[in-house]
Amino acid sequence: GWWTRKHDGYALKEAIDLLDIELGLFAKTNTSVDLSEEAQAKRKLKERYAKQPLFVRAFVYFIYRYFFKLGFTEGVEGFLWNFLQVWWYRTLVDAKIYEIKKVCGNDRQKIKDYLLSHFSIELEI
């Protein structure tokens, strides 16, 4: 249904961003100087996250958010939020990355061609 397609699209966008961090898919015209301190800090965390192994990182992040950041204190709502947003969604993102890399490996041009042919997403070169 539409709900699944909506989140599938979000996951694909996030997967592309993580692949860009890992492989440099986009042409870089702006530097991090253009980002606020908060945005730079978030970007550094995302870069650190991108270096972790697929699928393991989603589970570890869930454990961190649910137990160490006390998500369990929010009851059922806290569990649902952390399970769905932190673990399920991030696992979906990793599944997208896995799908793309299974077909293309780490070849940037193959990834760009794959995104264009399968998802009609054209990345700037």
Engineer: From R43 CZ over to S36 OG, what is the distance, rounded to the nearest 0.5 angstrom?
Structural biologist: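 Those atoms lie 13.0 Å apart.
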Engineer: Under 4.5 Å between side-chain heavy atoms, hopping through other hydrophobics if needed: is there a path connecting Y98 to V60?
Structural biologist: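 They do not share one cluster, since no chain of ILVMFWY contacts under 4.5 Å joins Y98 to V60.
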Engineer: Might you point out which heavy atoms bring A50 and I21 nearest each other, and give the distance in Å?
Structural biologist: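 Closest approach of A50 to I21: CB-CG2, 3.8 Å.
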Engineer: Between R48 and Q52, which heavy-atom pair has the shortest distance, and what is it?
Structural biologist: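 Looking at all heavy atoms of both residues, the closest pair is O-NE2, 3.2 Å.
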Engineer: Give the cluster check for V56 versus V93: same hydrophobic cluster or not, with ILVMFWY residues linked at side-chain heavy-atom distances below 4.5 Å.
Structural biologist: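 V56 does not cluster with V93.
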Engineer: Please give me the minimum heavy-atom distance between G24 and R108, naming the atom from each residue.
Structural biologist: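 In terms of heavy atoms, the two residues are closest at O-CD, 3.4 Å.
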Engineer: Tell me, please, which residues at least two apart from F83 pass ring pair (Phe, Tyr, Trp, His ring centres under 6.0 Å).
Structural biologist: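 Listed in chain order: F79, W87.
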Engineer: Can you find a heavy atom in the side chain of L12 that is under 4.5 Å from one in the side chain of L115?
Structural biologist: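 Yes, close enough: below the 4.5 Å cut-off.
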Engineer: With hydrophobic residues grouped by side-chain heavy-atom distances under 4.5 Å, do L116 and I121 end up in a single group?
Structural biologist: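 No, L116 and I121 fall in different hydrophobic clusters.
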Engineer: Do F68 and F62 share a hydrophobic cluster, counting only Ile, Leu, Val, Met, Phe, Trp and Tyr and linking them when any side-chain heavy atoms are less than 4.5 Å apart?
Structural biologist: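 Yes, F68 connects to F62 through the hydrophobic network.
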Engineer: Would you please say whether a donor-acceptor pair under 3.5 Å links the side chains of Q109 and Y114?
Structural biologist: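 No, Y114 and Q109 have no side-chain donor paired with an acceptor closer than 3.5 Å.
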Engineer: Distance check, rounded to the nearest 0.5 Å: L54 atom CG versus R57 atom CZ?
Structural biologist: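 Reported value, rounded in 0.5 Å steps: 5.0 Å.
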Engineer: Can you tell me how far CD1 of I100 sits from CG of L19, rounded to the nearest 0.5 angstrom?
Structural biologist: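 L19 atom CG to I100 atom CD1 measures 5.5 Å (nearest 0.5 Å).
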Engineer: Are there more than 12 heavy atoms of other residues, nucleotides or ligands under 6.0 Å from atom CZ of F72?
Structural biologist: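 Counting neighbours around CZ of F72, more than 12 heavy atoms of other residues, nucleotides or ligands fall under 6.0 Å, so yes.
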Engineer: Of all residues at least two apart in sequence or in a different chain, which pass the salt bridge (charged side-chain N to carboxylate O under 4.0 Å, His left out) check with K46?
Structural biologist: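 Scan of K46 (salt bridge (charged side-chain N to carboxylate O under 4.0 Å, His left out), adjacent residues dropped) gives E14, D17.
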Engineer: Partners of V76 by side chain to side chain contact (heavy atoms under 4.5 Å, CB included), sequence neighbours excluded?
Structural biologist: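 Expected list: L80.
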Engineer: Does the side chain of I63 reach to within under 4.5 Å of the side chain of N82, using non-hydrogen atoms?
Structural biologist: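 Not touching, per the 4.5 Å side-chain cut-off.
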Engineer: Test E38 against K42 for salt bridge (Lys or Arg N to Asp or Glu O under 4.0 Å), laying out the working first.
Structural biologist: CA-CA 6 Å; E38 182 181 348; K42 285 182 180 182; 3.6 Å; yes
Engineer: Out of curiosity, does W81 fall in the hydrophobic cluster containing Y66 (side-chain heavy atoms, cut-off under 4.5 Å, transitive links)?
Structural biologist: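 Result: no, two separate clusters.
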Engineer: Should E22 and K101 be marked as a salt bridge (Lys or Arg N to Asp or Glu O under 4.0 Å) after you check the CA-CA gap, both sets of side-chain angles, and the distance that decides it?
Structural biologist: CA-CA 12 Å; E22 180 184 350; K101 284 186 156 195; 2.5 Å; yes
Engineer: Would you call T91 and F55 a side-chain contact if the rule is heavy atoms closer than 4.5 Å?
Structural biologist: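 T91 reaches F55 side chain to side chain.
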Engineer: Of the non-hydrogen atoms in I97 and A15, which two are nearest, and what is the gap between them?
Structural biologist: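 Answer, listing the atom of I97 first, then A15: CG1-CB, 3.6 Å.
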Engineer: With under 30° as parallel and over 60° as perpendicular, where do the rings of Y61 and Y49 fit, or are they tilted in between?
Structural biologist: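 Plane angle over 60°, so perpendicular.
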Engineer: Would you confirm whether K112, through its side chain, and L25, through its main-chain N or O, come within 3.5 Å as a donor-acceptor pair?
Structural biologist: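 Pair found, side chain donor or acceptor close to backbone of L25.
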Engineer: CG of D20 to CG of L123: how many Å apart, nearest 0.5 Å?
Structural biologist: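 Atom-to-atom, D20:CG and L123:CG are 8.0 Å apart.
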Engineer: Give, for atom SG of C104 and atom CD of E99, the distance between the pair rounded to the nearest 0.5 Å.
Structural biologist: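 If I round to the nearest 0.5 Å, the distance is 9.5 Å.
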Engineer: Would you give the length of the straight line joining atom CG of L35 to atom NZ of K44, rounded to the nearest 0.5 angstrom?
Structural biologist: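 L35 CG to K44 NZ: 11.0 Å, rounded to 0.5 Å.
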